[in-house]
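Read through the structure below, which is laid out as structure tokens, and then see the notes.
None of these values were measured; they are calculated from a predicted model.
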There are 2 protein chains.
Amino acid sequence: MTTIYDVSRLAGVSAKTVSRVLNEPDRVKTKTREAVLEAMKSLEYSPNSMARQLRLGGGSSLGLLLEDPASGYQSRFHQALLTACMEAGKHMTVELFEGVMPDWQARVDRFLTEGRVRDLVLLPTLCDFAPLKDYLRTKGARAVLIAPSVYDTHFPAVVMDDRAASRQIVEHLFSLGHKRIGHITGHADHSASILRRSGVIEAYDAAGLPRPGPELFASGDFMFKKGIEAAEILLSLPDAPTAIFAANDETAAAVAMVAHKRGLSIPGDLSVVGFDDAPIASAVWPALTTIRQPYLEMARRVVQIIDGWEGQTRSSGNTSVFMTPHELIVRDSSGPAKV
Amino acid sequence: MTTIYDVSRLAGVSAKTVSRVLNEPDRVKTKTREAVLEAMKSLEYSPNSMARQLRLGGGSSLGLLLEDPASGYQSRFHQALLTACMEAGKHMTVELFEGVMPDWQARVDRFLTEGRVRDLVLLPTLCDFAPLKDYLRTKGARAVLIAPSVYDTHFPAVVMDDRAASRQIVEHLFSLGHKRIGHITGHADHSASILRRSGVIEAYDAAGLPRPGPELFASGDFMFKKGIEAAEILLSLPDAPTAIFAANDETAAAVAMVAHKRGLSIPGDLSVVGFDDAPIASAVWPALTTIRQPYLEMARRVVQIIDGWEGQTRSSGNTSVFMTPHELIVRDSSGPAKV
DNA sequence: GTCAAAAATGACATCGATGACATTTTATAT
DNA sequence: ATATAAAATGTCATCGATGTCATTTTTGAC
């Protein structure tokens, strides 16, 4: 590996001058600079970033463990975190981490050491993988959890209020006169599924209405395909619901498709509401009423928290939970109940 | 920030002993080790990974500059690179980089230094942004270009043969008896668009057929929406084509939609072919005949090249272009031409 | 209790870059 | 031509860890 000294020797200047060519080219005479660049080129020199960073003493980057980069949810957070990092002038190292890997501890270790990461961000469902959290604790690594099922004493969490958002949707449907509302749940492993479901019930309770029967809850998994099945089941009920609230937009899009296939107009015959404000929500027709998840705001929070850790001598050990406000977006897929 | 010296002082031992506790605990007496661990804990010591890597001579992580993480093309490469890194035990730091940012040079600088990155991966269209390449050269940063329009003397490139693949598609359609084939081009900024277009013409030339008239080339931009417009134009021609080759799968999906709307059956009345083998290709009905882009293979190549740079004393400095084989995937959207 | 071998520990140089400060060269004014 | 300021360059120390090798302590056999 060629170093700055090799270059300086070949160019007949001091190492410091080479360093200057790299970092403050204007302070070097043109002729010298050209000679140095020439030497750099012929030796294929490339500065050792570790040495630079050691000398300059910057902060470490944050690390993101990704279970499934193809998942819409994870990729949206991934993207939001990239944006938040850019805004804050921080950097992010991303690593594929499939929880079932037998050597996951070694992988985390190498990620922390070789990846030069100290602070991690854990998304669902990794943020609920207890062995990982325990392991991180023993390694002195810090982490922020995004939307965990269970809060943690050691790691702060950034969340949105899934239950309240869900309740808000149902109340929106109530206000349009809907009485029978079907709900397609999310994947059972996601705590959000449970929260959104219980938000539905909470809305009924708060309105003093009897809770809906179990036939109005169809199980989904956040994916289009399963959404089709669930929609078929709900719409085949003898007393079919006049509105369906799907646990996410992709599932809601599936509901819309099934409705169209059955000749039901939206929102004339059936109101459909989603959750996420994913791109698909405004791509389908009619555009979906949905909840905007505050991805970017949450990502910014995460970065803020980690920023606060820089140069911190001791971490509190308190549980901190940062709730981030969401927003109900009423579009064209929800309307008055058919009389 | 606490260092190994702070720990050694508190524990009353030498720094080297602390280092031993960290790296070869068995060579330290139990009592000493415990004292050191105690000190580490009370100071919340966490070793400076930069210093370690510098001493140990470890490799740096590779850096990926992403213009638009929402783009399917970029995100597929992103994902493939993550996988390839995982396989190779390397790490990747990702940074949002919108070329139009006025302070892009400073951002690159900080990415290289703070992000501790030495080797970059550039995707289209960044890999054709000459000022960036020039700047990287002056900084001694190394880079691998993925599918650049123009090869570079300094940076190796990993590519697939877009033109040959495109020609292969047209020849496939020829073999099914198609004579009038429409082509929807990709975004004009992508060299792939031009290559795919010229592959079409090459196929005609090779078959000794007269080149298709300009009316058979509709301009697209790789996106669904523009694909609809383009399809409408092609299918409204007085002598409409019996097959349409779209520059990517998303556009092809748009063509399929338009065809259905017009009551044309696929492939009975119209054959449709895409390019990419994106998820959408097998999600639409009928499943699209397409070209599988070798994302993962290309990503592995990139990682190999960068791996080869580690500890390299000097390398050729030649332009290297690594061609990666693609594959024609014949599904249900292409069939014999209507007689 | 003595002594050699083994174990434990420490001193110092080193990895490759850059900051602080010193020195030399060049430009500018007189 | 000389004085002086400004620009260009160089010297040396330093970031925080670990390798090398020297030194001290412990162990165990006699």
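The CZ-P distance, from A:Arg20 to D:dA7, rounds to 14 Å in whole Å. In this structure, B:Asn48 places its CG atom 13 Å from C1' of D:dT18, rounding to the nearest Å. For the pair B:Asn23 CG and D:dT20 P, the interatomic distance rounds to 13 Å; values are reported in whole Å. In this structure, B:Leu22 atom CG and D:dA17 atom P are separated by 8 Å, rounded to whole Å. For the pair A:Lys29 NZ and D:dA7 P, the interatomic distance rounds to 14 Å; values are reported in whole Å.
Heavy-atom contacts of chain B under 4.0 Å fall on DNA chain C between two terminal nucleotides, which in 5' to 3' order are C:dA8 to C:dG16.
Comparing atom distances between the A:Thr32 side chain and each of D:dA8, D:dT18, D:dA13 picks out D:dA8 as nearest. Checking D:dG19, D:dT26, D:dT14 against every side-chain atom of B:Leu56, the shortest atom distance belongs to D:dG19.
Looking only at atom types and distance, the side chain of A:Tyr73 has no donor-acceptor partner in the side chain of A:Asp68 under 3.5 Å away. For the 3.5 Å distance criterion, the side chains of A:Asn48 and B:Arg116 fail to qualify, holding no donor opposite an acceptor. For B:Arg118 and A:Ser46, the side-chain atoms include at least one donor-acceptor pair closer than 3.5 Å. Neither side chain, A:Asp189 nor A:Thr125, offers a donor N or O lying under 3.5 Å from an acceptor on the other. There is a side-chain donor-acceptor pair under 3.5 Å between B:His91 and A:Glu95.
Nearest-nucleotide positions on DNA chain D place B:Leu54 closer to the 5' end than the other of B:Glu24 and B:Leu54.
Nucleic acid contact class of A:Ser49 (heavy atoms, under 4.0 Å, all strands): none.
Summarising the geometry, atom OG1 belonging to A:Thr30 is positioned 6.5 Å from atom CD belonging to A:Glu34; distances are rounded to the nearest 0.5 Å.
Within the 4.5 Å cutoff, the side chain of A:Ile4 has no heavy atoms near those of the A:Pro47 side chain.
Between B:Arg52 and D:dT18, a side-chain N or O to OP1/OP2 separation shorter than 4.0 Å is present.
Only B:Tyr5, B:Lys16, listed by number, bring a heavy atom of residues 5-18 of chain B to less than 4.0 angstrom from any atom of DNA chain D.
Looking at residues two or more places apart in sequence or on another chain, you find no salt bridge (Lys or Arg N to Asp or Glu O under 4.0 Å) involving A:Arg33.
A perpendicular orientation is assigned to the rings of A:Phe77 and A:Tyr295, their planes being inclined by more than 60° (bins at 30° and 60°).
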